[in-house]
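Naming convention: chains lettered A, B, ... in sequence-line order (proteins, then strands); numbering from 1 in each chain. Heavy-atom basis, side chains included; hydrogens, waters and symmetry copies ignored. It should be emphasised that the depicted structure is a prediction, and the values quoted were computed from it without experimental measurement.
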Amino acid sequence: GAVVSQHPSWVICKSGTSVKIECRSLDFQATTMFWYRQFPKQSLMLMATSNEGSKATYEQGVEKDKFLINHASLTLSTLTVTSAHPEDSSFYICSARAGQVNQPQHFGDGTRLSIL
Amino acid sequence: EDKVVQSPLSLVVHEGDTVTLNCSYEVTNFRSLLWYKQEKKAPTFLFMLTSSGIEKKSGRLSSILDKKELFSILNITATQTGDSAIYLCATNAGGTSYGKLTFGQGTILTVHP
């Protein structure tokens, strides 16, 4: 149980393109989903917390107009990187948590984004 | 600001060795500590610890939490090449950090045949 699917797994696109990444909880309802960014050989950095039906809460230093998050249902959250530039190239990972805050987060397989 | 520190940052061992990974934390409103294993993709959940002194065990992996000294250890016995991965420790806190995970830097474990 507790499977999180993330799509696509790899994206290569030109500078200026907007890229949408989907995160789905397959066998549970996720009231809260999280979006992380990970640079090579570094740990996960939380970008934003997404609660179903409400606006995402962004961490300090993360541009909300650059990284648009939508959590329209209990099983789907999307992250759109708008007008992507090479510095946005990174590994983006989502996680989902079912119910209470003391439940573990389960992670998707991540999306490797490369902007040329 | 909440802080999670893991040591060592990297470790190279041979198959059959036993390893101990460390995680210390300074967290306001601590709720739980979690261990994850990350191979090529995203982290997979190993353990969640909320109480001191109670060992959690899964096969060759075990973990324990000390809330007085603010640390946790992850033990792997009889290591195998498939144990090679980044092991991440994270804390789950309440208050203004409610529900968010704060991750340590990770320990890169390499197991040679």
Side-chain angles (χ1 to χ4, degrees), chain A residues 1-10 21 23-25 28 30-52 54 56-62 79 90-112, chain B residues 1-11 21 23 25 27 29-51 56 58 63 65 72 84-110:
Chain A
V3 178
V4 177
S5 171
Q6 191 171 336
H7 178 81
S9 56
W10 201 312
I21 303 169
C23 181
R24 293 180 187 272
S25 56
F28 66 100
T31 49
T32 307
M33 289 184 169
F34 302 85
W35 288 95
Y36 295 85
R37 187 170 178 176
Q38 187 177 32
F39 292 103
K41 297 189 179 179
Q42 293 188 25
S43 194
L44 280 73
M45 182 188 77
L46 179 65
M47 298 174 67
T49 302
S50 169
N51 290 299
E52 185 266 335
S54 62
T57 303
Y58 290 81
E59 294 300 299
Q60 195 170 11
V62 178
L79 167 68
S90 191
F91 190 53
Y92 292 88
I93 310 174
C94 73
S95 71
R97 186 184 68 216
Q100 298 178 5
V101 73
N102 59 351
Q103 295 299 309
Q105 293 179 25
H106 297 276
F107 289 83
D109 279 343
T111 297
R112 193 160 301 283
Chain B
E1 185 181 330
D2 294 344
K3 194 174 173 183
V4 178
V5 177
Q6 290 185 245
S7 64
L9 294 182
S10 66
L11 191 55
L21 310 183
C23 176
Y25 61 90
V27 173
N29 297 312
F30 174 87
R31 297 183 72 98
S32 60
L33 185 143
L34 298 90
W35 284 97
Y36 288 88
K37 176 183 181 182
Q38 184 176 23
E39 296 174 87
K40 290 182 181 177
K41 294 186 177 179
T44 53
F45 172 71
L46 295 176
F47 299 113
M48 184 168 75
L49 305 157
T50 55
S51 301
K56 293 242 177 162
S58 175
S63 184
L65 174 68
S72 173
S84 296
I86 302 173
Y87 289 85
L88 296 166
C89 168
T91 55
N92 189 6
T96 55
S97 298
Y98 194 69
K100 298 180 192 176
L101 293 182
T102 300
F103 282 88
Q105 322 94 299
T107 294
I108 302 172
L109 175 65
T110 305

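Of the two parts of A:Gln38, only the side chain, counted from C-beta on, holds a non-hydrogen atom closer than 4.5 Å to a non-hydrogen atom of chain B.
To the nearest 0.5 Å, atoms CD (A:Gln105) and CG (B:Asn92) are separated by 7.0 Å. Between the CD atom of B:Glu39 and the CG atom of A:Asp109 there is a distance of 11.0 Å, given to the nearest 0.5 Å. One finds the CZ atom of A:Arg112 at 11.0 Å from the NZ atom of B:Lys40 (value rounded to the nearest 0.5 Å). The distance from atom CZ of A:Arg97 to atom CG of B:Leu101, rounded to the nearest 0.5 Å, is 8.5 Å.
Here the closest heavy-atom approach between residue B:Gln38 and residue A:Ile93 is recorded as NE2-CD1, 4.0 Å. The shortest non-hydrogen separation linking A:Gly110 to B:Ala42 is N-CB, 4.2 Å.
Between the side chain of A:Ser43 and the main chain of B:Gly106, no donor-acceptor pair closer than 3.5 Å is present.
The distance between the ring centers of B:Phe45 and A:Phe107 does not fall below 6.0 angstrom.
Other residues, nucleotides and ligands contribute more than 12 heavy atoms inside 6.0 Å of the NZ atom of B:Lys37.
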